[in-house]
K.L.:
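So that we are looking at the same thing, I have put the structure below in structure tokens.
Here is the naming used below: chain letters follow the sequence lines, and residue numbers restart at 1 for every chain.
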Amino acid sequence: MTPFDPDNTPARTSSATPIILDGYGDGYGPGRPDGEPGQRQSPLLDGLNPQQLEAVEYRGPSLLIIAGAGSGKTSVLTRRIASLLETREAYPSQILAITFTNKAAAEMRERVKVLLGEGSEGMWISTFHSSCVRILRREAESAGLSSSFSIYDSADTKVTLKRIIKSLDADTYGFTPGNAAAKISKLKNELADVDSYARNANLSDPQEVMFIEIFRQYTQRLRAANALDFDDLIGETVYLFRAFPRVAATYRRRFRHILVDEYQDTNHAQYSLVRELTLPVTAELADELEATGVHVRNLREPTGGIPGASLTVVGDSDQSIYAFRGADTRNISEFERDFPGTKVILLEQNYRSTQNILSAANAVIGHNFDRKDKKLWSAGGDGEKIVGYTAYNGHDEAQFVADEIETLHGAGMAYRDMAVFYRTNAQTRALEEIFVRAAVPYRVVGGTKFYERAEIKDALAYLIAVANPDDELALRRILNTPKRGIGPATETGLGSFAEANQISFREAMRDSASLGLGQKVTGAILQLAGVLDEAALKIDPAYPGGPVNVSELLTFVLEGSGLLTVLRNSRDPQDEARAENIEELVAQTKDFNRENPDAGLVDFLTQVSLVAAADDLDDASGTVSLMTLHTAKGLEYEAVFLTGVEEGLLPHQMSANEPGGPAEERRLFYVGITRARQRLYLSLAMTRAQFGEINVAMPSRYLQEIPAALIDWKQSPGMANSRNGTQSRALNRRDGFGGGFNSTRSGFSELPPAPKPKTEWANAVTQVRDNGDLELAAGDRIRHSSFGDGRVNQVTGEGTKRVAHVQFDTAGAKKLLIKIAPIEKI
DNA sequence: TCTGGCTCTATTTTT
DNA sequence: TAGAGCCAGA
């Protein structure tokens with residue numbers, strides 16, 4: 001989270017730095033007089049197994065660590081860094097470590113610090129995106145940007161594309177902001193730009209021609225706004241290095257050890273970046289660097305050049321879950337070919353989970369063909385069985401999860417050691433409803449992020465407009481926020497005026513008096529332009545008394561615009577929460593100032609743009625964490641609840657048509673399973689409400705892949721479908737876990753105790769209850785296997801989705817899907 | 001210019 | 001279901 005730590009510029013760090021500083025020449029240095037691997041009593045090497053030890057100590061141009069889930073790779077990576085520093089083979093400034101999230105980066109930095117104490121400052125440990133922003137801001141001029149360029153997130157991209165599509169009437173060709181953004185992103189991840197794409201495009205296809213025009217305008221708009229999108233951050237850095245060998249040489253010289261975590265999730269652009277950074281520096285360029293005062297002498301080979309940096313990558317193809325974002329596991333499978341002389345180390349021993357959990361994981365992932373066989377094993381014993389539960393619906397499932405969480409908590413497990421995973425964010429609704437009711441303390445990680453809230457984006461747009469006056473998107477966003485009477489007509493007028501006079505939108509605002517608008521509107525525009533101009537003065541280094549910090553600036557624009565005041569005085573009750581959010585933002589800027597006294601507005605905006613879902617995880621929070629399976633990668637919990645293990649959800653139906661989709665979904669399931677240390681719960685629901693409709697769900701195919709003996713079904717799919725098995729958890733809630741457990745137990749004895757997987761599943765599918773075209777009308781009396789008797793109030797929906805609204809005599813009002821509910825007419 | 005009400009439609013994962 | 005777009009009326 002700190003892209004701003006005191007940073008050694010290449011020129012400053014270069015004052016020394018031979019690869020080996022101590023003259024021992026054995027690469028071990030004074031810390032290791034005997035030179036015998038494994039003999040030294042260094043806390044660095046404590047408790048490592050032979051493979052881990054080798055991964056820490058190996059020295060060579062390239063190292064590939066294939067690290068299964070839970071095999072201690074973070075530990076290996078941090079110790080490898082610490083070892084390089086401790087033996088004085090490298091200075092901190094020569095290390096570049098790339099992690100997947102800012103949180104992982106912060107953790108790694110912290111762990112290196114613990115291992116070494118002070119003396120680890122100056123390393124670059126950050127995400128791909130953060131590192132690239134840092135390089136691009138520094139080298140902005142070469143890249144043809146201003147160093148205060150804006151970073152567009154996916155929402156910004158979509159807004160921009162929406163305008164382009166509208167102006168081109170491209171929706172008639174089937175383009176939406178979403179699909180155009182996806183296509184552009186995909187191309188950028190392959191390092192294609194408009195021109196290279198257009199060269200190979202089929203220009204007789206009007207849709208293709210239209211796409212090229214969209215892509216071209218999008219590129220132009222970003223350029224004009226001095227903005228880059230997420231994908232540009234990587235791509236532009238690669239282009240920069242390729243176009244400016246001098247710039248590239250600076251970073252190639254600087255970073256001597258490059259380490260990349262989660263390498264299986266890198267895309268082509270990221271791969272290319274790593275390649276660029278690890279290339280050697282030619283003798284001529286080394287001469288050039290030296291001529292400008294950069295010290296290179298100690299790094300030079302006899303030929304006069306500087307060898308490429310050593311590269312360590314850690315990854316596991318089985319955990320590749322970002323193919324949809326361009327991740328390419330070939331980066332791992334072809335690593336040895338790309339980097340000849342690579343040493344490969346395999347870490348298979350798992351230190352996280354029980355053997356039962358690992359056996360389930362191995363069995364599941366074994367169904368993916370086209371993978372190198374790898375078996376995780378644990379020395380920690382079998383542990384508890386995996387618990388399975390088939391719920392009647394999503395709320396019932398949530399109730400099961402809540403009950404089990406309370407049981408675990410009652411047995412002494414802390415809430416923060418438990419997590420609930422799901423495939424789609426929409427699934428949080430039922431979970432949250434039940435958790436609130438059951439008073440389970442929880443936190444949704446990711447989801448609608450703080451910085452994505454409209455009012456926060458509004459406030460930030462003010463700051464962005466100050467930092468980057470060319471950012472038309474930010475200006476348009478705040479033009480009428482809060483309401484100033486500047487409508488779409490005026491906005492369009494300003495845009496046309498700017499275009500006609502070859503000036504920026506911001507300049508058009510300053511010049512709005514010559515647009516011939518009404519006096520009130522003109523006054524409003526000028527007022528806004530004035531506030532922004534004044535704010536810009538305040539962060540100018542030449543500002544009398546020194547420039548103001550971020551929180552002072554934010555306070556200034558909030559007051560100048562009236563944004564906060566309007567929300568506070570609003571009658572809309574939601575505006576109160578919005579005002580509080582903005583106040584929270586102000587508090588955050590104060591924290592930021594305190595933690596980063598030397599950082600400015602642009603640094604703050606960068607940090608905000610690049611937060612990842614997992615970054616706002618608070619380990620000390622004392623709450624259960626709810627998150628998507630994607631967010632869960634890299635994390636671990638004592639107890640994991642994997643919910644919604646149903647066909648259509650996991651695997652998600654959207655993945656069905658994608659090449660490699662079901663296999664990637666299986667890896668996602670595998671990632672989820674392997675997050676659990678002690679306890680794993682797999683749950684599904686027979687029906688799930690989606691878009692206001694109730695849909696029948698089938699158990700996920702992946703469940704059959706787990707050996708039956710590993711799962712203890714509290715309620716199996718077959719049981720849930722049988723008449724006496726259907727229990728509403730919500731109904732049994734008052735009896736607590738015991739009641740629910742016993743009642744399912746009694747049903748249990750009537751079924752085969754250890755169902756054979758295949759037949760069990762065949763049954764589960766054929767046994768789905770089917771009432772066919774059972775006719776029900778308002779006034780009919782029905783009997784439900786667990787709710788008892790009741791009266792039908794009305795019937796809604798059609799065909800298989802007909803729903804009976806029933807008032808039960810004792811169980812209250814329920815909505816039942818007629819096709820499958822365990823009911824009969826009486 | 002703004003608001004309210006109506007209809008329509010699209011529903012995955014994310015730096 | 002909910003969010004967005006559209007239209008009519010103030």
K.L.:
Roughly, in whole Å, what's the span from NZ in A/K162 to C1' in C/dA4?
P.N.:
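After rounding, the gap between these two atoms is 7 Å.
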K.L.:
By a 5.5 angstrom centroid cut-off and a 30 degree plane limit, is there stacking between A/Y322 and B/dT13?
P.N.:
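A/Y322 vs B/dT13: stacking no.
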K.L.:
Any side-chain N or O of A/K186 under 4.0 Å from OP1/OP2 of B/dT14?
P.N.:
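So the side-chain polar atoms of A/K186 never come under 4.0 Å of the phosphate oxygens OP1 or OP2 of B/dT14.
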K.L.:
Taking the side chain as every heavy atom from C-beta outward, state whether A/F100 and A/T127 have any atom pair closer than 4.5 Å.
P.N.:
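No, every pair of side-chain atoms sits at 4.5 Å or beyond.
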K.L.:
Mind checking A/A689 for me? I need base, sugar-phosphate or nothing, with any heavy atom below 4.0 Å counting as a touch.
P.N.:
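Nothing, no heavy atom under 4.0 Å.
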K.L.:
Given B/dT13, is OP1 or OP2 found less than 4.0 Å from the side-chain N or O atoms of A/S655?
P.N.:
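Answer no for this pair, as no side-chain N or O of A/S655 is under 4.0 Å from OP1 or OP2.
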K.L.:
Return whichever of A/I486 or A/E665 has its heavy-atom-nearest nucleotide of DNA chain B closer to the 5' end.
P.N.:
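First, find each residue's nearest nucleotide; the 5'-ward one identifies A/I486.
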K.L.:
CD1 of A/I321 versus C1' of B/dT13: gap in Å, rounded?
P.N.:
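So the two atoms are 8 Å apart, to the nearest Å.
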K.L.:
Between A/E452 and A/K457, does any side-chain N to carboxylate O distance fall below 4.0 Å?
P.N.:
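Salt bridge flag = no for A/K457 with A/E452.
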K.L.:
Between A/N695 and A/R688, does any side-chain donor sit less than 3.5 Å from a side-chain acceptor?
P.N.:
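The answer is no; no qualifying pair exists.
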K.L.:
CD of A/E491 versus C1' of B/dT1: gap in Å, rounded?
P.N.:
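After rounding, the reported distance stands at 13 Å.
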K.L.:
Measure CD/A/E664 against C1'/B/dT13 and give the value in whole Å, please.
P.N.:
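A/E664 atom CD is separated from B/dT13 atom C1' by 8 Å.
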K.L.:
Can you tell me which nucleotide in B/dT15, B/dT12, B/dT14 comes closest to the side chain of A/H630?
P.N.:
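Within the option list, the nearest is B/dT14.
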K.L.:
How many Å lie between CZ on A/R325 and P on B/dT15, as a whole number?
P.N.:
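Rounded to whole Å, this separation is 6 Å.
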K.L.:
Looking only at side chains, do A/D471 and A/Y152 share a donor and an acceptor under 3.5 Å apart?
P.N.:
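A/Y152 and A/D471 do have a side-chain donor-acceptor pair below 3.5 Å.
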K.L.:
Starting at atom NZ of A/K158, determine the distance to atom C1' of B/dT14, rounded to an integer number of angstrom.
P.N.:
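So the two atoms are 10 Å apart, to the nearest Å.
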K.L.:
For A/G485 and for A/H129, locate the closest nucleotide of DNA chain B by heavy-atom distance; then report the residue assigned to the nucleotide nearer the 5' terminus.
P.N.:
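The 5'-side residue here is A/G485.
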K.L.:
Decide, yes or no, whether a salt bridge links A/D458 with A/R453 under the criterion of side-chain N to carboxylate O below 4.0 Å.
P.N.:
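A salt bridge is absent here (no side-chain N lies under 4.0 Å from a carboxylate O).
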K.L.:
Can you tell me if the side-chain N/O atoms of A/N425 get under 4.0 Å from OP1 or OP2 in B/dT12?
P.N.:
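No, A/N425 has no side-chain N/O under 4.0 Å of OP1/OP2 on B/dT12.
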K.L.:
Would you say a side-chain N or O of A/T631 is under 4.0 Å from OP1 or OP2 of B/dT14?
P.N.:
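Yes, because at least one side-chain N or O of A/T631 sits under 4.0 Å from OP1 or OP2 of B/dT14.
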K.L.:
What's the closest nucleotide to the side chain of A/T424 if the choices are B/dC2, B/dT12, B/dT1?
P.N.:
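Of the candidates, B/dT12 comes closest.
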K.L.:
When all nucleic acid strands are considered with a 4.0 Å heavy-atom cut-off, which category describes A/N480: base, sugar-phosphate, or nothing?
P.N.:
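The residue A/N480 makes sugar-phosphate contact but no base contact.
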K.L.:
Could you tell me whether the side chain of A/H652 has a donor or acceptor atom within less than 3.5 Å of a complementary atom in the base of B/dT12?
P.N.:
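Counting by modelled atom types and ignoring angles, no donor-acceptor contact under 3.5 Å is found here.
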K.L.:
Write down the distance between CZ (A/R429) and C1' (C/dA2), rounded to a whole number of angstrom.
P.N.:
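Atom-to-atom, A/R429 to C/dA2, this comes out as 8 Å.
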K.L.:
Name the one of A/D231, A/I135, A/L136, A/D229 that satisfies side chain to side chain contact (heavy atoms under 4.5 Å, CB included) with A/E236?
P.N.:
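Single pass found, and it is A/L136.
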K.L.:
Determine the interatomic distance between P on C/dA4 and the same-named atom on B/dT13; round to the nearest Å.
P.N.:
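C/dA4 and B/dT13 have their P atoms separated by 16 Å.
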K.L.:
Reckon A/K520 touches a base, only the sugar-phosphate, or nothing at all at heavy-atom distances under 4.0 Å?
P.N.:
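No contact.
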K.L.:
In whole Å, what is the span from the CZ atom of A/F100 to the C1' atom of B/dT13?
P.N.:
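To the nearest whole Å, that distance equals 11 Å.
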K.L.:
Which of these nucleotides, C/dC6, B/dT13, B/dT3, is closest to any side-chain atom of A/K166?
P.N.:
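When the side chain of A/K166 is considered, C/dC6 is the closest of C/dC6, B/dT13, B/dT3.
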K.L.:
If you look at every strand shown and take non-hydrogen atoms under 4.0 Å, does A/F128 touch a base, only sugar-phosphate, or nothing?
P.N.:
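Contact class for A/F128: none.
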K.L.:
Pick base, sugar-phosphate or nothing for A/T490, based on heavy-atom distances below 4.0 Å to the nucleic acid.
P.N.:
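Result for A/T490 = sugar-phosphate.
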